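This report concerns only the one structure given below.
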2 protein chains.
Amino acid sequence: MAKSQRGSQLADQIRGTGRRMTKARQAVIACLESAGLPLTHKQIARALREQGFEQTTVWRNLMMLVELGMVHRRELGDHLWRYELVRVEAAGPALAVVYFSCLSCSGLTPVSTEATPTLLQQSLPGVGRISEALLRGVCCDCAKAVERSGP
Amino acid sequence: MAKSQRGSQLADQIRGTGRRMTKARQAVIACLESAGLPLTHKQIARALREQGFEQTTVWRNLMMLVELGMVHRRELGDHLWRYELVRVEAAGPALAVVYFSCLSCSGLTPVSTEATPTLLQQSLPGVGRISEALLRGVCCDCAKAVERSGP
DNA sequence: TCGTGATCGCAATTGTGTTGCAATTGCGCC
DNA sequence: GGCGCAATTGCAACACAATTGCGATCACGA
């Protein structure tokens, strides 16, 4: 049995392109897989350093995964690239990824996008097909904190 | 008569905080004002170099304007900070700024937000107050180009 | 098991963003 | 209009994420 179905699936894909499935590569994928959220290069590199891998290696593997379309590289407003495994169910024509980033606490929240994509797309005719959205503002918790501290 | 109402208004505000209205500062504001779109530090610095100002100066003035809330600094997905004069009419509680960034041609389009804010906010309950949104995807032109080149 | 080319580790480079400091300048005050 | 001084500028240097070069190492098909 595979440790991770998605992982071994990716491994096959990678080997299918004539590339090798190295330990570093496995570790990078495992790291992204277990995270669920987009991670910065730094975060991944730090996690994998304990396993003996260099940040350069991590970076190159991430870039390779991005190139193969297995990983999304994106920018979430704090000026750092973040990497995230592409989810298979997100490959459809609808809006794939929506995040909400709090300007106050810097927290990042994935937004459930069941109804949103269509709604968003419909509400903005003529902008092309939206594949991801980054929303910024003040999250509920921070808003409450502000209310409490003063009117 | 003032060259620019908004500009002299900002000048007064700046002086009101005990700061000076220098030529460099005027130039930065004028540059942002005439642009309309968010500009990168590099773009602004290049424009002002012709007028004899250093990029450091430009940067510091931008930061000051950001600090005073007169300029928005934001990241539009290409890993560069962009600066834009805060529009007075955008100060309300609704969604202020929406941009659409094309993943294919890197074009940036401001999105008209007449109805969107409420819609967006309503469609995403529980995420806090959205103050800006960056949408990414493929713009109409690029989508058409792709259609033409292959099915 | 072996050979070879993909990959790794290390060191160095790039480019944006940021800070330190001495020289300069805007502006209140006379 | 001129003076004084603190805010501001210009230059140089620094910080740090991102990226590249290259010789050593390792995965994997034969």
Side-chain angles (χ1 to χ4, degrees), chain A residues 7-8 10-31 38-68 70-83 106, chain B residues 7-8 10-31 38-68 70-83 106:
Chain A
S8 63
L10 288 177
D12 289 346
Q13 262 186 271
I14 289 170
R15 270 191 275 259
T17 67
R19 277 163 240 255
R20 295 174 186 168
M21 198 54 204
T22 63
K23 285 170 191 165
R25 219 154 265 181
Q26 286 173 331
V28 168
I29 292 174
C31 182
L39 297 177
T40 63
H41 171 224
K42 197 177 188 175
Q43 289 174 310
I44 304 169
R46 189 179 301 157
L48 298 203
R49 180 162 308 146
E50 296 167 10
Q51 297 173 47
F53 300 110
E54 272 303 302
Q55 53 125 0
T56 317
T57 304
V58 171
W59 185 78
R60 270 192 274 231
N61 278 317
L62 286 169
M63 291 312 286
M64 189 217 67
L65 290 167
V66 168
E67 204 175 296
L68 293 183
M70 297 169 182
V71 162
H72 270 153
R73 171 163 111 154
R74 88 176 94 249
E75 160 64 56
L76 294 174
D78 54 2
H79 226 232
L80 295 170
W81 288 119
R82 284 167 194 268
Y83 302 84
S106 298
Chain B
S8 65
L10 287 177
D12 289 345
Q13 262 186 273
I14 288 170
R15 270 191 274 260
T17 68
R19 276 162 242 256
R20 294 173 186 169
M21 198 54 204
T22 63
K23 284 169 192 166
R25 218 154 266 182
Q26 285 173 330
V28 168
I29 292 174
C31 182
L39 298 177
T40 64
H41 171 222
K42 197 177 188 176
Q43 289 175 310
I44 304 170
R46 189 180 300 157
L48 298 203
R49 181 162 307 146
E50 296 167 9
Q51 298 173 46
F53 301 110
E54 272 303 302
Q55 53 127 0
T56 318
T57 304
V58 171
W59 184 80
R60 271 192 273 232
N61 278 316
L62 285 170
M63 291 311 286
M64 187 216 68
L65 290 167
V66 168
E67 203 174 298
L68 294 182
M70 297 170 182
V71 162
H72 271 154
R73 170 163 112 153
R74 86 178 96 248
E75 162 63 55
L76 294 173
D78 53 2
H79 225 230
L80 294 170
W81 288 120
R82 283 167 194 269
Y83 302 85
S106 299

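Sequence lines set the chain letters: A, B, ... in the order given, protein chains first and strands last, and positions in each chain run from 1. Source: prediction; values computed, not measured. Just the heavy atoms: all of them, side chains too, but no hydrogens, waters or symmetry mates, feed the values below.
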Exercise for review: Tell me which nucleotide among C:dC10, D:dA27, D:dA17 gets nearest to the side chain of A:Glu54.
Suggested key: C:dC10
Review point. With no angle test and no hydrogens, is the base of D:dG29 tied to the side chain of A:Arg19 by a donor-acceptor pair under 3.5 Å?
Key: no
Check your understanding: Do A:Arg49 side-chain and C:dG9 base share a donor-acceptor contact under 3.5 Å?
Key -> no
Study note, to complete from the structure: Picking from C:dG26, C:dG9, C:dT7, the nucleotide nearest the side-chain atoms of A:Phe53 would be C:dG9
Practice item. Identify which nucleotide among C:dT7, D:dT19, C:dC27 has an atom closest to any side-chain atom of B:Arg15, counting heavy atoms from C-beta outward. Key: C:dC27
Review point. Rounded to the nearest 0.5 Å, what separation is found between the CG atom of B:Leu48 and the CD atom of B:Glu50?
Key: 8.5 Å
Practice item. Would you kindly say whether A:Thr40 and A:Gln43 are connected by a side-chain donor-acceptor distance under 3.5 Å? Key: yes
Study note, to complete from the structure: Between A:Thr22 and A:Arg82, whichever has its closest DNA chain D nucleotide further toward 5' is A:Arg82
**Study point:** A:Ala24 side chain, from C-beta outward: closest of C:dC8, C:dG9, D:dC11
**Key:** C:dC8
Practice item. Can you label the angle between the B:His79 ring and the A:Trp81 ring as parallel, tilted or perpendicular, going by 30° and 60°? Key: parallel
Exercise for review: Write down the distance between CG (B:Leu80) and P (D:dA17), rounded to a whole number of angstrom.
Suggested key: 17 Å
Practice item. Between D:dT9, D:dA27, C:dC8, spot the one nearest the side chain of A:Thr57, thanks. Key: C:dC8
Practice item. Return the value, rounded to whole Å, for the distance between atom CZ of A:Arg46 and atom C1' of D:dC16. Key: 13 Å
Study note, to complete from the structure: B:Gln55 CD to D:dT8 C1', in whole Å, measures 16 Å
Revision key, fill the gap. Here the distance between atom C1' of C:dG26 and atom CE of B:Met21, to the nearest Å, is 12 Å
Check your understanding: Whole-Å distance between C:dT7 P and A:Leu62 CG?
Key -> 14 Å
Review point. Nearest-Å distance, NE2 (A:His79) to C1' (C:dG15)?
Key: 11 Å
**Study point:** Side-chain-base donor-acceptor pair under 3.5 Å for B:Arg25 and C:dG26
**Key:** no
**Study point:** Options D:dT20, D:dT8, C:dC27, nucleotide nearest the side-chain atoms of A:Thr56
**Key:** D:dT20
Review point. Which distance, rounded to the nearest 0.5 Å, do you find between the CZ of B:Arg20 and the CD1 of B:Ile14?
Key: 13.5 Å
Point to revise | Separation of atom CD in A:Gln26 from atom C1' in D:dA27, rounded to whole Å | key: 11 Å
Exercise for review: Rounded to the nearest 0.5 Å, what's the gap from CZ on B:Arg25 to CZ on B:Arg19? Could you check?
Suggested key: 7.0 Å
Practice item. Check every atom of D:dA27, D:dA18, C:dT18 against the side chain of A:Lys23 and return the nucleotide holding the closest atom. Key: D:dA27
Exercise for review: Between B:Arg20 and B:Trp59, name the one whose nearest nucleotide on DNA chain C is closer to the 5' end.
Suggested key: B:Trp59
Check your understanding: Atom CG of A:Leu68 and atom C1' of C:dT7: how far apart are they, to the nearest Å?
Key -> 14 Å
